[in-house]
There are 2 protein chains.
Amino acid sequence: MIRDSRLSSVLHGLLHMIGAGEPVTSEQLAQAMATNPVVVRRVMAGLREQGLVRSEKGHGGGWTLARDPAGITLADIYRAVGAPTIVAMGHRSENPGCLVEQAVNDALSSTFREVEAIFLKRLGAVTLDALAKDFERRLAKHKQSLEDQIHAAK
Amino acid sequence: MIRDSRLSSVLHGLLHMIGAGEPVTSEQLAQAMATNPVVVRRVMAGLREQGLVRSEKGHGGGWTLARDPAGITLADIYRAVGAPTIVAMGHRSENPGCLVEQAVNDALSSTFREVEAIFLKRLGAVTLDALAKDFERRLAKHKQSLEDQIHAAK
DNA sequence: TATCATGTAACATCATATGTTACATGATGG
DNA sequence: CCATCATGTAACATATGATGTTACATGATA
């Protein structure tokens, strides 16, 4: 099964935007996200429609965050990238007249829906700001680790 | 996203097998599952490898349940059809050196894994027998409903 | 006005479930 | 023993949707 990586990909891009203090071009984001500028614009367009980011044309243009990252949850971003399918399984027929199919669909669908609700609840509990802070902690730890290596080599 | 319907499909077939007291051919299952006999054999082969069903060639041959349906859970069947992908989302890179990617992957992966565990736990709590009984209840109710209509029409 | 950047349409590509054809193998009944 | 039935399996076709790519239009800035 091909796994949709838009959410993961766009989060990567957004963290880069938070780090930069100025507009970031699709070209730069494409480098960071290991993809193509057109793909970046395509996915960022969804965020712009939801008012999460802004885009500016021309010299000095690019993408900037439009709202406080402490007020944006991963669930907001999930919806903004088009609310991709969560559960990779489904039914052959979504409108079954067959009683066997009804029994099977009910048993599976209730589980599917429950899983989807939990997934969205979890995403809704994480803000973009929290993710950025987590990254900064990793960065600090990484730098410390590098310094330790330098001192140890003396 | 294309949704994998093997689990749903094979459950449909298994309920038909429980209903029939004799071996059911791939041809018959294909009719019930609205698909092709070869597809039926392909998916049933997985169940046979797990000892859930048996197949017999020649006259009077076909597929039969190999174990008590009260001892088979939907999780067993899920695994037998090849344990299809549960969560339809993933990461661009599964082996990230980038710290941004690590932060993003950790945030999402923990949620993905939690959702998958809940999914499997739910499937493990439902036996094939319970599903069959649920179907029988629906059938009885349906019959009653038909009779009521006949009486009402008099 | 040249350059830079987004906006978007129109394809190509790729992975994977599903559908289909063809033929081999084995079991049963006559 | 042979015709028939059923599974076993390889090989290829199809469909879908994310992703990659090219091309060109539009708007903003220096």
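Letters go in sequence order (proteins before strands), and every chain restarts at 1.
For the pair A:M33 CE and D:dA18 P, the computed distance is 15 Å after rounding to whole Å. Atom CZ in A:R3 sits about 16 Å away from atom C1' in D:dG17, given to the nearest Å. Atom C1' of nucleotide C:dC4 and atom CD of A:Q28 are separated by 12 Å, given to the nearest angstrom. For the pair A:D4 CG and D:dT19 P, the interatomic distance rounds to 5 Å; values are reported in whole Å. Distance, A:W63 CH2 to C:dT6 C1': 7 Å, rounded to whole Å. Between the CD1 atom of A:I86 and the P atom of D:dA18 there is a distance of 14 Å, given to the nearest Å. To the nearest angstrom, C1' of D:dG27 lies 11 Å from CD of A:E56. In this structure, NE2 of A:H12 is placed 15 Å from P of D:dT19, rounded to the nearest angstrom.
For the pair A:K57 and A:R42, nearest-nucleotide mapping onto DNA chain C gives the more 5' position to A:K57. Toward the 5′ end of DNA chain D lies the nearest nucleotide of A:S5, the other residue of the pair A:G60 and A:S5 mapping further downstream.
Listed nucleotides: C:dA9, D:dT7, C:dA17. Nearest to the side chain of B:T25: D:dT7. Among the nucleotides D:dT29, D:dC5, D:dT7, the one closest to the side chain of B:H59 is D:dC5. The side chain of A:V38 lies closest to D:dA23 when the candidates are C:dA17, D:dG8, D:dA23. Closest to the side chain of B:N36, from the set D:dT21, C:dA17, C:dT21, is C:dT21. Among D:dA6, C:dG7, C:dT20, the nucleotide with an atom closest to any side-chain atom of A:S55 is C:dG7.
Here the closest non-hydrogen pair linking B:L52 and B:D76 is CD1-O, 4.2 Å.
Using a cutoff of 4.0 Å between basic side-chain nitrogens and carboxylate oxygens, B:D106 and A:R138 are scored as salt-bridged.
Across all strands shown, B:G62 has heavy atoms under 4.0 Å from sugar-phosphate atoms exclusively, and none from any base. Here B:R48 lies in heavy-atom contact (under 4.0 Å) with sugar-phosphate atoms only.
When the side-chain nitrogen and oxygen atoms of A:R41 are compared with OP1 and OP2 of C:dG7, none of them lie within a distance under 4.0 Å.
A side-chain donor-acceptor contact under 3.5 Å links B:H91 and B:S109.
Between A:R6 and A:P84 there is a side-chain heavy-atom pair separated by less than 4.5 Å.
The aromatic rings of B:F119 and A:F112 sit parallel to each other, their planes meeting at less than 30°, with 60° as the upper class boundary.
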